[in-house]
Protein chains: 2
Amino acid sequence: MDCNCNAYHCPVDTTLNMIGGKYKALILWHLTDKTLRFGELRKLIPQATPKMLTQQLRELEENHLINRTVFPVVPPRVDYCLSDLGISIRPILEAIYTWGTDYLNQNGLEASCSMTFSS
Amino acid sequence: MDCNCNAYHCPVDTTLNMIGGKYKALILWHLTDKTLRFGELRKLIPQATPKMLTQQLRELEENHLINRTVFPVVPPRVDYCLSDLGISIRPILEAIYTWGTDYLNQNGLEASCSMTFSS
DNA sequence: CTTCTTAGTATCCTTTTGGGTACTATGTTA
DNA sequence: TAACATAGTACCCAAAAGGATACTAAGAAG
């Protein structure tokens, strides 16, 4: 229905829509420095059901933030890794992470979610 | 039910929850350099119904990103402005805005939403 | 022929988010 | 005494997001 080819787009909404999904930031973080298989991501993010994990991965792929590589073998093997676009978004994630950590610390809360940025 | 006082918190989720609401980034942006009344925000963000605008403003206030000042006059007058915390989050908004703008331009889309950051 | 493995799907459900329309309170102004 | 202005509320509804559980395909291994 909506092509939106000639519409105006809000850059902030665009960005937030791309990283705002339930497990998207976490997935991008885990893929920062390595390629992971679906099963490895499941173990790293056990709170996500397979349905949710698949859904989030597909959306990240549609937005070209990650690459999905299917190997035609049995049992199946599918690799996920960051695309160049995915790599380019990392500074934003780090800025968000740093602000959030400061905010939590200033409120006496423990900041942690297995999402620690190594610099 | 959930106090979460002793829980671990993900800094990225924390930050995204605070700025991820439908009109929150836009509200923060409009308040960047000035105090605005409710009615002024309505005119600046006409696509938000009064219910939604109120809701988003209340959540921003609960998160201490903005200050709400009620003047006991008739007709009512309520002022909104950024708190120090709200001011501190602006660099993140700018980073998100810049990345989103580049992304849209590289995809041949017009980036705009009356949310242009003056530097 | 049965079991194992992996990367998902299918189905159904609950919760959250967003939205439309109409209504309210109340002192001031005409 | 009736209309006006402002900052909302109330109520009801639709859509989107998230979640639980069970199931599937298909070759390889035993």
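Residue numbering restarts at 1 for every chain, and letters A, B, ... go by the order of the sequence lines. Source: prediction; values computed, not measured.
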Met52(B) or Val78(A): which one's nearest nucleotide on DNA chain C is closer to the 5' end? Val78(A)
State whether the number of non-hydrogen atoms from other residues, nucleotides or ligands found under 6.0 Å of Lys43(A) atom NZ is greater than 12. no
Between Arg90(A) and Glu94(A), does any side-chain N to carboxylate O distance fall below 4.0 Å? yes
Using only atom types and a distance under 3.5 Å, with no angle test, would you say the side chain of Ser83(A) pairs donor to acceptor with the backbone of Asn67(A)? no
Identify which nucleotide among dT6(C), dA7(D), dT9(C) has an atom closest to any side-chain atom of Pro75(A), counting heavy atoms from C-beta outward. dT6(C)
On DNA chain D, nearest-nucleotide positions of Thr54(B) versus Lys43(B): which is more 5'? Lys43(B)
N/O donor-acceptor pair under 3.5 Å between Gln106(B) side chain and Tyr103(B) backbone: no
Selection from dT21(D), dG18(C), dT5(C) that lies nearest to any side-chain heavy atom of Thr49(A): dT21(D)
Counting just side-chain N and O atoms, does Arg58(B) come under 4.0 Å of either OP1 or OP2 of dA7(D)? no
Is any side-chain N or O of Arg37(A) closer than 4.0 Å to OP1 or OP2 of dA7(C)? yes
Once you round it to whole Å, what is the distance between P of dA17(D) and CD1 of Ile19(A)? 16 Å
Name the nucleic acid region contacted by Phe71(A), choosing base, sugar-phosphate or nothing; use a 4.0 angstrom heavy-atom cut-off, strictly under. nothing
Check for a donor-acceptor pair, side chain of Thr32(A) on one end and backbone N or O of Leu28(A) on the other, with a separation under 3.5 Å. yes
Interatomic distance where CD belongs to Glu40(B) and C1' belongs to dA5(D) [whole Å]: 14 Å
Can you sort out which residues in residues 59-70 of chain A have a heavy atom within less than 4.0 Å of DNA chain D? Ascending by number, please. none
Considering only heavy side-chain atoms of Val74(B), the closest of dG27(C), dA7(C), dG8(D) is dG27(C)
Tell me whether the side-chain N/O atoms of Tyr23(B) come closer than 4.0 Å to OP1 or OP2 in dG19(C). yes
Check the distance between dT6(D)'s P and Leu36(B)'s CG and give it to me in whole angstrom. 15 Å
Mind checking Arg42(A) for me? I need base, sugar-phosphate or nothing, with any heavy atom below 4.0 Å counting as a touch. nothing
Quick check on DNA chain C: between Lys51(A) and Arg77(A), whose nearest nucleotide comes earlier from the 5' end? Arg77(A)
What integer distance in Å separates Phe38(B):CZ from dA7(D):C1'? 6 Å
Round to the nearest Å and state the distance from Lys22(A) atom NZ to dA17(D) atom C1'. 9 Å
Specify the separation, in whole Å, of atom CG of Asp79(B) and atom C1' of dT6(D). 12 Å
Check for a donor-acceptor pair, side chain of Ser112(B) on one end and backbone N or O of Tyr8(A) on the other, with a separation under 3.5 Å. no
dA7(C) P sits how many Å from Leu44(A) CG, rounded? 13 Å
In this structure, how many angstroms lie between the P atom of dT16(C) and the CD atom of Gln56(B), rounded? 16 Å
Is it true that a side-chain atom of Glu59(A) and a backbone atom of Gln56(A) form a donor plus acceptor pair closer than 3.5 Å? no
Thr101(B) (side chain) donor-acceptor with Pro11(A) (main chain) under 3.5 angstrom: no
Please tell me which of the listed nucleotides, dT6(C), dG19(D), dA7(D), lies nearest to the side chain of Pro76(A)? dT6(C)
